[in-house]
Structure formats: structure tokens, C-alpha cells
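All values derive from a computational prediction rather than experimental measurement.
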Amino acid sequence: MPKLASELSSQVNDRLNQVGPSGIREFDQKISAIPGIVKLTLGEPDMNTPEHVKEAAIQSIKDNDSHYSAQKGTIELRRAISHYLQVSQGLDYDPETEIITTVGATEAVCASFLAMLNPGDKVIIPTPAFALYFPLVTIAGAEVIQLDTSADDFVLTPERLEATLAKEGPAVKAILLNYPGNPTGVEYSQADIEALAEVIKAHHLFVIADEIYSELVYGVEHFSIAKLLPERTVLINGLSKSHAMTGWRIGYIAAPAEFAASATKMHAFMVTSPSNPAQAGAREALENGLQDPVEMRAVYQKRRDFVEQAINGMGLEMPTPSGAFYAFVKIPAAYGKDDVKFAKDLAEKAKVGGVPGSAFGAGGEGYIRFSYAASDENLKVAMDRMTTFVKCL
């Protein structure tokens, strides 16, 4: 087994050295070996990809669709994305120049940051937030400004945004909005978005809108900020959550042509082009599978209600998720804000896995995140075990 030469051991990307591994994955790996544990750690739909989507990918393989596609993805898929955005959100994007098919929404976020940011730039991220965002901003050479929203029911207010912009100065180039949100499941209302859009426009900012959970909302309508600020918005979405296609790795960027050209260049350097069979499946999902998320949404809403009732029955608090598939639960008072110890004890003693809230940045301390994208059986077992554990504290 080769060992890196000693004189090379420190000769790596300094920015990469500044960041640690994903707190979500790291904790998940630590507890995975516990015998009999029920893990509610990862945002991984337990449902299967719809059959008609799988068949489209199989046909692509049979048709020997095995050569590089256009770097931005097949024009057929980009047209399907454009049509989907039009019918679902009333957004108008040119499939030729304003849409890029990426290897998952993760690559879309990464390519966008790398195309946008320079050393010295600042990016505001309302927290708690998906842990992936922080290291990607750092690797791009910019500075993360975490804006704790926990005192405002996990919703960024225009007043807090104005105050943060006044404090951080003109180096702030962009704000990232993820809604419905991971880890809280909180969805922003149209009024919330309209108020934030006024501030963003007045301060001449980019907005990166990660709307990967936009199809999974409960009793509300998703309202994209791209409807108000199309000239400033880098819209990110994908098929992973809406069609249970996490492993297919198909996401996309929709943005003004000038920015899309830069993001396309970075995307091409990173991955060349997405997988053809995966693109064929995604095209089928968007052209003939717009009802698929409706059926999944009903299942997730039922699970949300079950988990929330169980959590409340334990005497614990959580914001009611109006989207996504996460419960962000305030840990028992006996633990103070030590969410890592609570999550560790819960895993080892009750055999229930969740992610410590501190993995999601400022405002996450003292919480634990559970994914209810798990089977009804596993959710029942997990809630029963947790109820017993909490009663014994």
C-alpha cells in the first residue's frame, strides 16, 4: 500500500484543509455499526423510482445511447426542465442558453459557487442549513456568514437580513435560500419571499435558490423567488427527492444566460456531461411523471403527522414541517444544548439514529434531525424506542 511522501503530506489544497467532512455522513457512519439500530439520519427516500422512469433509462441503454451528451445535458431533457418550470412555477427559461443539467443538485450548488465567487466575497446562509453549503463556499475562497434564524421560527426576516448586510458590508455578494428547508422542513410563504426579494434587490445581490424539495410541500403552495428576481436568481433543483432518484444524480441549474455560460464552463471542467440513461429517465419523469410526487407527498405527509404526534407525546418540541421530510426536534432539557451527547446516547441506548442539530450550523445546537423518508414500520419502532428512552431520563 503506497504512503504519501512525507514532503508532500502538507502540499494539498489549503482551503480544503479548512473544512471537515460532512457532519451528517460522519455521524451516520459512527452509529451504523450499532446492532439493530433504526437510522433516521439520511435524506434518502425509501420509495422506489417509478417504473416508467426506470423503463426509459433501460431503453436508453438498449438503444446504445452511450456517447457523451452535450455538456449542458441533452436538449430533450433541458426542454423538459424548461416546460416543467413553466407549468409548475410559471418560470420562463430558454433550454438552449439558460438551463444546465448537472450531476445532482450537489454539483449544481458547487458549480454555481465556483463560477460566482472570488476570494474576499461573502455569502449569507440562513441557518440551520444543509451542511454541504458551508465547505463549498470556503473551497471557492469566499466567507460564509451564518445567519441564525432559530429565534424567528427558522424563517429569515427582512429585518435580520438588512441588519446583517449593514454589519458585513459590500463584500456580501450572494445569499443562499433553501426552502422547504433541510433540516427544519420550514417553507417560506409568498409574503416571506416578497419581503426578502425587496432587500436582495436593493443590495444588488445574487440569490442561490436551492428548491430541491419544492414538490414536497404540505398544505401550502411553493413560491419560487425566481418569479420575482429572475435576473438575480440561480435556481437549483433536481429529481432526487421528487421522484426518489437520489442515486441517479440528476439536478439542474436555471439562470440568466450570462451566468449560465460561466456555470456551464465550470460544470464542464468538473464532470464533462451527465449520464445518458439517467437523463433519459429524468426526461420521462418530467414529461410523463408529474403526478408521481403527488403520491409520494401524501405518504410523507402521513408520516410527518405520525412523527409529530409521537414527538409531542414525549413532551418535546419541533416546528411543524410544511415541506421536505425532516423533523427538527428540540432535545430534552436534561441535555441542555448538548445535541451530540443526546444523539449518541439515543443511538447507543435506544438504537435510534438521528443527526445532531449542530451539524447544520448556528441555531442548530440543542436539536436533533430525523428523516421521516423511512418506512412506516421503522418510524413506529424508532418512535416507540425513543418514547421509552425519553421517559427514563
Side-chain angles (χ1 to χ4, degrees), residues 1-35 37 39 41-44 66 68 71 100-123 125 127-146 173-174 176 182-183 208 210 236 238 240 246-251 253 262-275 278 339-341 343-344 347-348 353-362 364 369:
M1 299 289 287
K3 185 176 181 180
L4 187 66
S6 58
E7 68 271 20
L8 299 179
S9 61
S10 62
Q11 303 302 308
V12 294
N13 188 315
D14 289 336
R15 293 174 187 158
L16 191 59
N17 272 344
Q18 294 175 34
V19 302
S22 164
I24 303 169
R25 289 284 184 172
E26 187 176 34
F27 191 80
D28 176 74
Q29 290 174 7
K30 285 181 180 178
I31 65 174
S32 290
I34 296 174
I37 191 168
K39 294 197 305 177
T41 47
L42 302 183
E44 176 77 46
S66 56
Y68 292 126
Q71 290 183 322
I100 310 158
T101 307
T102 59
V103 181
T106 297
E107 193 243 317
V109 175
C110 186
S112 296
F113 279 152
L114 290 173
M116 178 186 299
L117 300 174
N118 294 303
D121 288 341
K122 298 179 181 181
V123 179
I125 301 180
T127 58
F130 185 39
L132 171 81
Y133 304 137
F134 311 136
L136 290 182
V137 171
T138 300
I139 292 167
E143 180 184 353
V144 175
I145 305 300
Q146 295 193 33
K173 177 177 277 188
L176 184 143
N182 176 6
I208 301 99
D210 183 353
I236 291 168
S240 291
T246 51
W248 295 62
R249 309 313 303 134
I250 293 292
I253 298 168
S262 295
T264 297
K265 189 186 300 184
M266 180 54 64
H267 154 79
F269 289 150
M270 293 168 66
V271 301
T272 302
S273 60
S275 156
D339 50 277
V340 175
K341 179 169 174 50
K344 187 170 181 290
E348 293 176 348
V355 180
S358 53
F360 302 96
R369 188 198 77 173

Say whether, by atom type as modelled, one donor and one acceptor occur between the side chain of [X] and the main chain of [Y] under 3.5 angstrom.
X: Asp339; Y: Gly357; answer: yes
X: Lys173; Y: Met116; answer: yes
X: Arg369; Y: Gly354; answer: no
X: Gln146; Y: Ala362; answer: yes

With a 4.5 Å limit on heavy-atom distance, are the side chains of [X] and [Y] in contact?
X: Leu114; Y: Phe269; answer: no
X: Ile236; Y: Ser112; answer: yes
X: Val355; Y: Asp28; answer: no
X: Lys341; Y: Pro356; answer: no

[atom1]-[atom2] distance between [X] and [Y], expressed to the nearest 0.5 angstrom:
X: Ile31; Y: Lys39; atom1: CD1; atom2: NZ; result: 6.5 Å
X: Ile24; Y: Asn182; atom1: CD1; atom2: CG; result: 6.0 Å
X: Asp210; Y: Tyr133; atom1: CG; atom2: OH; result: 3.5 Å
X: Met266; Y: Ile100; atom1: CE; atom2: CD1; result: 11.5 Å
X: Ile250; Y: Glu107; atom1: CD1; atom2: CD; result: 10.0 Å
X: Thr101; Y: Ile253; atom1: OG1; atom2: CD1; result: 9.5 Å

As a quick check of understanding, evaluate side chain to side chain contact (heavy atoms under 4.5 Å, CB included) for Val19 and Phe134, giving each step before the final call. CA-CA 8 Å; Val19 302; Phe134 311 136; over 6 Å; no
Stepwise side chain to side chain donor-acceptor pair (under 3.5 Å) check, His267 with Gln71: CA-CA 8 Å; His267 154 79; Gln71 290 183 322; over 6 Å; no
If you take all heavy atoms of [X] and [Y], which pair is closest and at what distance?
X: Ala347; Y: Ile37; answer: CB-CD1, 3.9 Å
X: Phe360; Y: Ala131; answer: CD2-N, 4.3 Å
X: Thr102; Y: Gly104; answer: OG1-O, 2.8 Å
X: Leu8; Y: Leu4; answer: O-CD2, 3.7 Å
X: Leu176; Y: Val123; answer: N-CG1, 4.5 Å

Using a 6.0 Å cut-off, check whether atom NZ of Lys344 has over 12 heavy atoms from anything other than its own residue.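 It does not: Lys344 NZ has 12 such atoms or fewer within range.
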Please step through side chain to side chain contact (heavy atoms under 4.5 Å, CB included) for the pair Ile139 and Phe113, ending with a clear verdict. CA-CA 9 Å; Ile139 292 167; Phe113 279 152; over 6 Å; no
